Number of protein chains: 2
Amino acid sequence: MVEQFQRLPGIGPKSAQRLALHILKRPETEVQELAQALLDAKKQVGLCSVCFHLSADPVCEICRAPSRDPNTVCVVSDSRDVIAIEKTREYKGKYHVLGGLISPMEGIGPDQLHITPLVRRVNQDNIQEVIMAISPSVEGETTTLYIGKLLKPFTRVTRIAFGLPMGGDLEYADEVTLARALEGRRDLDMG
Amino acid sequence: MVEQFQRLPGIGPKSAQRLALHILKRPETEVQELAQALLDAKKQVGLCSVCFHLSADPVCEICRAPSRDPNTVCVVSDSRDVIAIEKTREYKGKYHVLGGLISPMEGIGPDQLHITPLVRRVNQDNIQEVIMAISPSVEGETTTLYIGKLLKPFTRVTRIAFGLPMGGDLEYADEVTLARALEGRRDLDMG
């Protein structure tokens with residue numbers, strides 16, 4: 001059991017032992033409930049067949065929601081990014097989850113990601129804007145540019161802004177962020 | 001001496017005592033050198049009469065440099081911001097240091113900042129772009145909008161980008177930053 005716990009992310013040998021000892025002290029019914037919950041979740045939650053976000057149904061809630069703009073698709077690497085963006089309550093379009101980033105170092109090519117279904121979606125569903133919301137790492141840039149090249153002939157492709165984080169002080173921003181914030185400047189909107 | 005040290009930023013009672021004891025152990029000539037260095041710096045360094053950046057000369061090096069674009073002015077709150085932006089080596093225009101931000105809470109109004117000389121500069125020197133590089137706090141926004149309103153009739157006013165910091169992971173960005181990054185999205189530049 002300790003070994004199994006250690007395979008979970010963020011759980012080291014000590015935490016694993018603590019968790020295992022906790023389990024041993026609980027009544028058997030409780031342990032059965034936990035085990036069943038894991039099995040049920042694994043059995044019930046799959047990927048949405050449209051956007052590849054985690055979903056208990058064949059098509060996820062966001063894809064089915066009639067209130068959401070079907071012509072805008074936000075492309076993210078992971079389901080966690082969908083959850084982060086949903087928390088802002090600002091975005092009203094749909095998503096497409098790639099399931100990772102292109103990484104030659106780790107042997108992940110475009111074919112291992114959900115890119116082909118994205119191209120198909122854009123062509124079939126009259127998508128008017130694809131927003132690339134990918135972190136600005138080397139892999140992120142590669143993936144953004146690869147998908148941008150594929151989709152530009154068919155639709156408008158935008159990317160999220162990089163610059164000073166909110167609450168961030170100019171003085172404490174790293175040089176690359178500051179350079180990017182200056183480069184990405186825009187006309188002052190007097191609202 | 002301990003009391004004097006304690007008035008410096010980031011120096012608490014313990015650090016002040018440590019510094020004072022260090023000074024007492026040094027030879028008198030060394031202490032005299034330190035004291036003289038403080039007095040000399042204070043006497044020699046004033047503010048540039050054009051941009052209000054710290055300067056040993058009446059007009060600072062950046063204002064005098066013929067290689068720098070005289071038609072672009074980057075407005076910052078403090079000399080530290082000039083130093084931070086210079087470190088990026090990306091910006092080739094001039095600066096204007098306000099000497100603070102508008103803050104009704106602290107009783108700082110526009111008249112206490114170097115705003116009037118900025119307006120004069122814009123009108124006299126054929127400034128074609130004023131870049132507001134001010135941190136996105138309440139005071140920062142107030143100051144940016146106040147100056148924007150003053151200058152818009154005379155020149156183009158832009159502001160630096162707010163969004164995801166470089167190396168920042170989407171998942172760990174706070175909600176306001178993420179909302180701002182989405183709102184500030186731009187067309188993907190395929191270079």
Side-chain angles (χ1 to χ4, degrees), chain A residues 74 76-78 80-91 93 129-137 140 144-145 147-149 151-152 156-191, chain B residues 74 76-78 80-91 93 129-137 140 144-145 147-149 151-152 156-191:
Chain A
C74 181
V76 297
S77 117
D78 199 285
R80 285 173 300 188
D81 301 328
V82 173
I83 295 164
I85 294 174
E86 284 298 287
K87 272 196 199 143
T88 69
R89 294 166 182 242
E90 293 285 332
Y91 179 66
E129 183 181 354
V130 170
I131 305 169
M132 300 300 300
I134 307 276
S135 297
S137 60
T144 296
L145 293 179
I147 293 177
K149 232 174 235 174
L151 296 183
K152 271 243 162 151
R156 183 179 174 210
V157 183
T158 58
R159 68 186 309 171
I160 57 169
F162 300 114
L164 221 60
M166 297 309 291
D169 215 335
L170 209 79
E171 196 195 333
Y172 299 118
D174 65 284
E175 287 146 38
V176 191
T177 295
L178 208 45
R180 201 85 184 233
L182 270 168
E183 179 205 316
R185 67 186 183 269
R186 27 170 56 207
D187 283 302
L188 182 62
D189 178 14
M190 302 298 294
Chain B
C74 180
V76 297
S77 118
D78 199 284
R80 284 173 300 189
D81 302 328
V82 173
I83 295 164
I85 294 174
E86 285 297 286
K87 273 197 201 142
T88 69
R89 294 165 183 244
E90 294 285 331
Y91 179 65
E129 183 180 353
V130 171
I131 305 169
M132 300 301 299
I134 307 277
S135 297
S137 61
T144 296
L145 293 179
I147 293 177
K149 231 174 234 171
L151 296 183
K152 271 245 164 150
R156 182 177 174 211
V157 183
T158 57
R159 70 185 310 171
I160 56 168
F162 300 115
L164 220 60
M166 295 310 290
D169 215 335
L170 209 80
E171 195 195 334
Y172 300 118
D174 66 284
E175 285 145 40
V176 192
T177 295
L178 208 45
R180 202 84 184 234
L182 269 169
E183 180 204 315
R185 67 185 182 269
R186 27 170 58 208
D187 284 302
L188 181 61
D189 177 13
M190 303 297 294

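It should be emphasised that the depicted structure is a prediction, and the values quoted were computed from it without experimental measurement. Lettering of chains follows the sequences in order, A, B, ..., and the numbering in each one begins at 1.
- Interface remark: of the candidates A:Thr177, A:Val130, A:Leu188, A:Leu188 forms the most heavy-atom pairs closer than 4.5 Å to chain B.
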CA sep, side-chain torsions, deciding dist, call: A:Glu171, B:Asp78, side chain to side chain contact (heavy atoms under 4.5 Å, CB included) = CA-CA 9 Å; A:Glu171 196 195 333; B:Asp78 199 284; over 6 Å; no
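- Chosen from B:Met166, B:Glu183, B:Arg80, the residue pairing most often with chain A at heavy-atom distances under 4.5 Å is B:Met166.
- Note that the CD1 atom of B:Ile160 and the CD1 atom of B:Ile131 stand 9.5 Å from one another [nearest 0.5 Å].
- Here the straight-line distance linking atom CG of A:Leu164 with atom CZ of B:Arg159 works out to 10.5 Å at 0.5 Å rounding.
- Heavy atoms closer than 4.5 Å to chain A are found in both the backbone and the side chain of B:Lys149.
- For the set A:Val76, A:Thr88, A:Thr144, A:Asp169, the entry with the most heavy-atom pairs within less than 4.5 Å of chain B is A:Thr88.
- In this structure, B:Ser77 has no side chain to side chain donor-acceptor pair (under 3.5 Å) partners at least two apart in sequence or on a different chain.
- Ranking A:Ser137, A:Ala84, A:Pro165 against chain B, the residue ahead of the rest is A:Pro165, based on heavy-atom pairs under 4.5 Å.
- Residue-environment remark: NZ (A:Lys152) exceeds the threshold of 12 foreign heavy atoms within 6.0 Å.
- Chain B forms more heavy-atom pairs under 4.5 Å with one residue of A:Glu129, A:Arg186, A:Met132 than with any other, namely A:Arg186.
- When heavy atoms are compared at a cutoff of 4.5 Å, B:Glu175 approaches chain A by way of both its backbone and its side chain.
- B:Val157 places none of its side-chain heavy atoms less than 4.5 Å from the side chain of B:Ile147.
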